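All heavy atoms count here, side chains included; hydrogens, waters and symmetry mates do not. Every chain is numbered from 1 and lettered A, B, ... according to where its sequence line falls, protein lines coming before strand lines. This one's a predicted model, so the numbers in the text were calculated from it and none came from an experiment.
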Protein chains: 2
Amino acid sequence: MDRRQIKTRKAILRAFRALLEKKRYDHITVQEIIDGADVGRSTFYTHFETKDLLLDALCGDMFHHIFEDDPCPWVGRDDELEGKLAHILWHIRDSRSDLSGILLSDSSELFMTYFKAHLRGVFEEYIALFGEAVPRDFLLNHLTGSFAEAVLWWLREGMTLSPEAVAGYFMKITGKR
Amino acid sequence: MDRRQIKTRKAILRAFRALLEKKRYDHITVQEIIDGADVGRSTFYTHFETKDLLLDALCGDMFHHIFEDDPCPWVGRDDELEGKLAHILWHIRDSRSDLSGILLSDSSELFMTYFKAHLRGVFEEYIALFGEAVPRDFLLNHLTGSFAEAVLWWLREGMTLSPEAVAGYFMKITGKR
DNA sequence: ACGATACAGAACACTTTGTTCGTTTTTATT
DNA sequence: AATAAAAACGAACAAAGTGTTCTGTATCGT
């Protein structure tokens, strides 16, 4: 791939993210993005058909590496899920992509949708741990939703607690352990 | 208040809600709203300064009567909270304002924010029921968030379950009872 | 050094926004 | 029923944003 393409693509995404931390998604204009990225108008539209697709691309970039399956030392342990959750939190805190800024922005709901979609995959593996007192889909929905909320709470608190502590709280509150 | 004002205000809100069920909030234009409401352009702007304030007004209308404190037969009983939650669900299902359509729309995240804000008030009263194993704010956040998610799940399922059943599931899943 | 291609920048037709203002209709009151 | 006040209409407006097309220039991979 051409270096120029990569450079401008990154510049656009960076400018977009900077704007997202300042104002709401639907108040951001293409003009502001290309001004921030210092990129021509036509160039923007060759890279991204619409602003919505730009958002998709940003979410892809941000969440992909967090949910990559990397070597996991918790496999087989009885706190395997808790370990994985802590791992996700750890990634968010130390991520170069500065996820926390985006998740705390006025457009956070937008990103929560993507976040939950990824989380669902994680919890699907461990659904059996939580019994069968309620419908499977209800439970899955509950776990992903409430973990995402917990993460947001943690970010709002300034991430003073350790990832392990938050994961522990979450497991406790959902009745496991 | 002038009848005309009430009439046009209602017409605008109705048109807005009809549009929200079809397309996303930030894709809706003022032009579409006033066409749907059959109202002059200047009239719209005398009623609502911006589209965001129109949204605020809509949320106010929709959620207000649900969280009104009306005669509550569960006071003092040990399933008082469960009763109140069922009551809320009952309201949503039978509401004339057709909340379900809005909460299932592409802009549902927007309304969830308002919904949660109101729910927080409900849970604040009963926070003591859930122990002190985790920080109060964490817990409050968890309860409001996950109940809102449960409601959304219920709506998506077509409200086949009874309000009492959903409230029961929720209490079970949060560890109470 | 070469052709290919990505970019800049300007111009464009078009849509949307929010405001203004004179006119017409409806309302509450007498 | 007559009247003054209030509200809605509708046209026109500048300003801003959208998405496309074009030409010339700079940069890339080979």
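In terms of polar N and O atoms assigned as donor or acceptor, the side chain of B:Arg4 never comes within less than 3.5 Å of the base of C:dT27 in a complementary pairing.
In this structure, B:Lys10 places its NZ atom 14 Å from P of D:dA8, rounding to the nearest Å. Residue A:Phe48 contributes atom CZ, which lies 14 Å from atom P of D:dG19 at whole-angstrom precision. Between B:Ile33 atom CD1 and C:dG18 atom P there is a gap of 10 Å when expressed in whole angstrom units. Between A:Ile6 atom CD1 and C:dC7 atom C1' there is a gap of 15 Å when expressed in whole angstrom units. The CG-P distance, from B:Asp2 to D:dA8, rounds to 7 Å in whole Å. Following rounding to the nearest Å, A:Leu54 (CG) and D:dT18 (P) show an atom-to-atom distance of 12 Å. Taking atom NE2 of residue A:His27 and atom P of nucleotide C:dT17, one finds them 12 Å apart after rounding to whole Å. Distance, B:Arg3 CZ to C:dT25 P: 18 Å, rounded to whole Å.
Judged purely by atom type and a 3.5 angstrom limit, B:Lys172 has no side-chain atom pairing as donor or acceptor with the backbone of B:Ala167. Under a 3.5 Å cut-off, the side chain of A:Tyr126 and the backbone N or O of A:Glu82 do not form any donor-acceptor pair.
With distances taken from any side-chain atom of A:Thr29 to the nucleotides C:dA28, D:dT18, D:dA6, the minimum falls on D:dT18. Distances were taken from every side-chain heavy atom of A:Thr8 (C-beta onward) to each of C:dA6, D:dA8, C:dC7; the shortest belongs to C:dC7.
Summary of the strand contacts: B:Lys7 and B:Lys51 both lie near DNA chain C, and taking for each the nucleotide with the nearest heavy atom, the more 5' one is attributed to B:Lys51. Toward the 5′ end of DNA chain D lies the nearest nucleotide of B:Asp38, the other residue of the pair B:Asp38 and A:Thr50 mapping further downstream.
Between A:His47 and C:dC7, a side-chain N or O to OP1/OP2 separation shorter than 4.0 Å is present. Contact between the side-chain N/O atoms of B:Ser42 and the OP1/OP2 oxygens of D:dC9 is not found at any separation under 4.0 Å. At C:dT16, none of the side-chain N or O atoms of B:Gln31 fall inside 4.0 Å of OP1 or OP2 (strictly under the cut-off). OP1 and OP2 of D:dG17 both lie 4.0 Å or more from every side-chain N or O belonging to A:Arg41. Within the structure, a side-chain polar atom (N or O) of B:Tyr45 is placed less than 4.0 Å from OP1 or OP2 of C:dG18.
To the nearest 0.5 Å, atoms OG (A:Ser107) and NZ (A:Lys22) are separated by 13.0 Å.
Under a cut-off of 6.0 angstrom, the local environment of NZ in B:Lys10 is sparse, with at most 12 non-hydrogen atoms contributed by other residues, nucleotides or ligands.
Under the 3.5 Å distance criterion, with hydrogens and angles disregarded, a donor-acceptor pair is assigned to the side chains of A:Glu109 and B:Thr113.
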